[in-house]
Protein chains: 2
Amino acid sequence: MDTTQRTEQQRSADRRRRELLEAADRVVLRDGPQASMNAIAAEAGITKPILYRHFGDKGGLYAALAKRHTDALLDSLRAALDAPAERRERVESTLDTYLAAIEARPQVYRFLMHPAEGSSGDQEFDVGKHSAPLLRRMGEELAQVIEERLDLGPGSQQLARVWGHGIVGMMHAAGDWWLGERPCSRAELVRSLADLLWGRLAAAGDRIGGPGF
Amino acid sequence: MDTTQRTEQQRSADRRRRELLEAADRVVLRDGPQASMNAIAAEAGITKPILYRHFGDKGGLYAALAKRHTDALLDSLRAALDAPAERRERVESTLDTYLAAIEARPQVYRFLMHPAEGSSGDQEFDVGKHSAPLLRRMGEELAQVIEERLDLGPGSQQLARVWGHGIVGMMHAAGDWWLGERPCSRAELVRSLADLLWGRLAAAGDRIGGPGF
DNA sequence: ACATGCATGTTACTTGCGGTAACCGCAGTC
DNA sequence: GACTGCGGTTACCGCAAGTAACATGCATGT
């Protein structure tokens, strides 16, 4: 077993895999998250069984596809999050980066958020891993940054994780809604969300009548 | 056409419909969101075409089912949200109500959040209505309450809507994560989220090194 | 040179689900 | 007693996931 040969085959297989992923990418971009394996295979110029050999099942293919985009997006977000700037500015820049991404390629976004569940494997109802992996990863990532950068006193790690997932969820839901209705510009949305995080909810005055009764 | 006769038939049909929904409910509770129409029909003691006569297609059935649970949950939330108490208390109580609900019946929760998309009807990729109707409705509801109760200055309506969807998303994502990992008690989670909304993120001090560099 | 093995590719199939067409039987009605 | 409307069934279509079995090319071991 010559190692160079081995790596040669390996490299070839990897190249093929990448080609297949690119084809799948094109199809998903065109047909949305419910693209059929047949369609993807056709786009790649081959037939189904090859896809299954490479990725196991549809879930595997989708996971591989999602990982690429997720990694790319996370890189952008990390860059915004780690920039040498004031906290508020960093927060706004991160929000804007995310929103710009989903605005630029909504199909990819939708694919990442709704990775065509089901796939016939979810027999027993496992409570974990409901939401898309992207959301979880973003949440954990943000939690880590928060915990590294901020001084939150005792229980900081737990608090940071809650906040990480919470803030990501806020960004996601607001972004999803905004993408559908486009009620304002991106900049306004960013500003409103940052204001929310900056405690304007608590600081706002009551309207006539007050909170009681 | 006797009207009493008409209503008699109507009532009968409605009763049947309700029975079918209850059966569907049981199955979804058991098998998760990907329960098959066959299974639901079997549980109801009948066969598929009847389901289709009553609900049109799977989407229709699921929509009807979702509406019931969504309405019920929204009622609870409204009660917590409109209680005569301090704002922070109301917020915490609302968060807790939501989390208690998803904790008590995670299957229902999952069903509401991932209403088994696809259904063969989504040919063209329409960007709108990505997330579950429940999220949207909660967001709008909360937005309305915020706008009614708080004095946010100019542009208040838009701000309220952004916040409504944002806060709901925060609650949802944090709740989803919490439900999967159970890293802390419900009360702690509620407190942490309320703290986030109360601006503790902005108020926290920097850790060694500061924000710049 | 030849058989061997292995990766790549194909056709053709099974299974299972959403959805539908056509038929069945029983009330009540004229 | 034939006619009609409604609750119900069987049997089917189309389509997508996933698989089995077969074909082919290319490097290797002897």
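Just so we're on the same page: letters track the sequence lines, and every chain starts at 1.
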A/R15 has an atom CZ; how far is it from atom P of C/dT8, in whole Å? 11 Å
B/W178 ring centre to B/R182 NZ or CZ under 6.0 Å, with the angle to the axis within 45°? yes
Interatomic distance, CG@B/L150 vs CZ@B/R87, rounded to 0.5 Å, equals 4.0 Å
CZ/B/R137 to OG1/B/T70 distance, rounded to the nearest 0.5 angstrom? 5.5 Å
Which whole-number value in Å describes the distance from A/K58 NZ to D/dA16 P? 9 Å
A/Y62 and A/F111: aromatic ring centres closer than 6.0 Å? yes
Think A/R17 has a side-chain N or O under 4.0 angstrom from the OP1 or OP2 of C/dT8? no
Interatomic distance, A/D14 CG vs C/dT8 P [rounded to whole Å]: 11 Å
Nearest-Å distance, CG (B/L61) to P (C/dG18)? 11 Å
From CG of B/N38 across to P of D/dC12 the rounded distance in Å is 16 Å
Can you tell which of C/dC17, D/dA17, D/dG8 lies closest to the side chain of A/Y52? D/dA17
Check the pair B/E141, B/R78 against salt bridge (Lys or Arg N to Asp or Glu O under 4.0 Å), reporting the backbone distance first and the verdict last. CA-CA 8 Å; B/E141 203 86 29; B/R78 253 189 297 265; 2.2 Å; yes
For nucleotides 10-13 of chain C, which of its nitrogen or oxygen atoms have a protein nitrogen or oxygen under 3.5 Å away, and what is each distance?
{"unit_1": "C/dT10", "atom_1": "OP2", "unit_2": "A/T47", "atom_2": "N", "d": "3.0"}
{"unit_1": "C/dT10", "atom_1": "OP2", "unit_2": "A/T47", "atom_2": "OG1", "d": "2.4"}

Residue pair A/S156, A/E147: steps toward the side chain to side chain donor-acceptor pair (under 3.5 Å) verdict: CA-CA 7 Å; A/S156 71; A/E147 224 251 322; 3.0 Å; yes
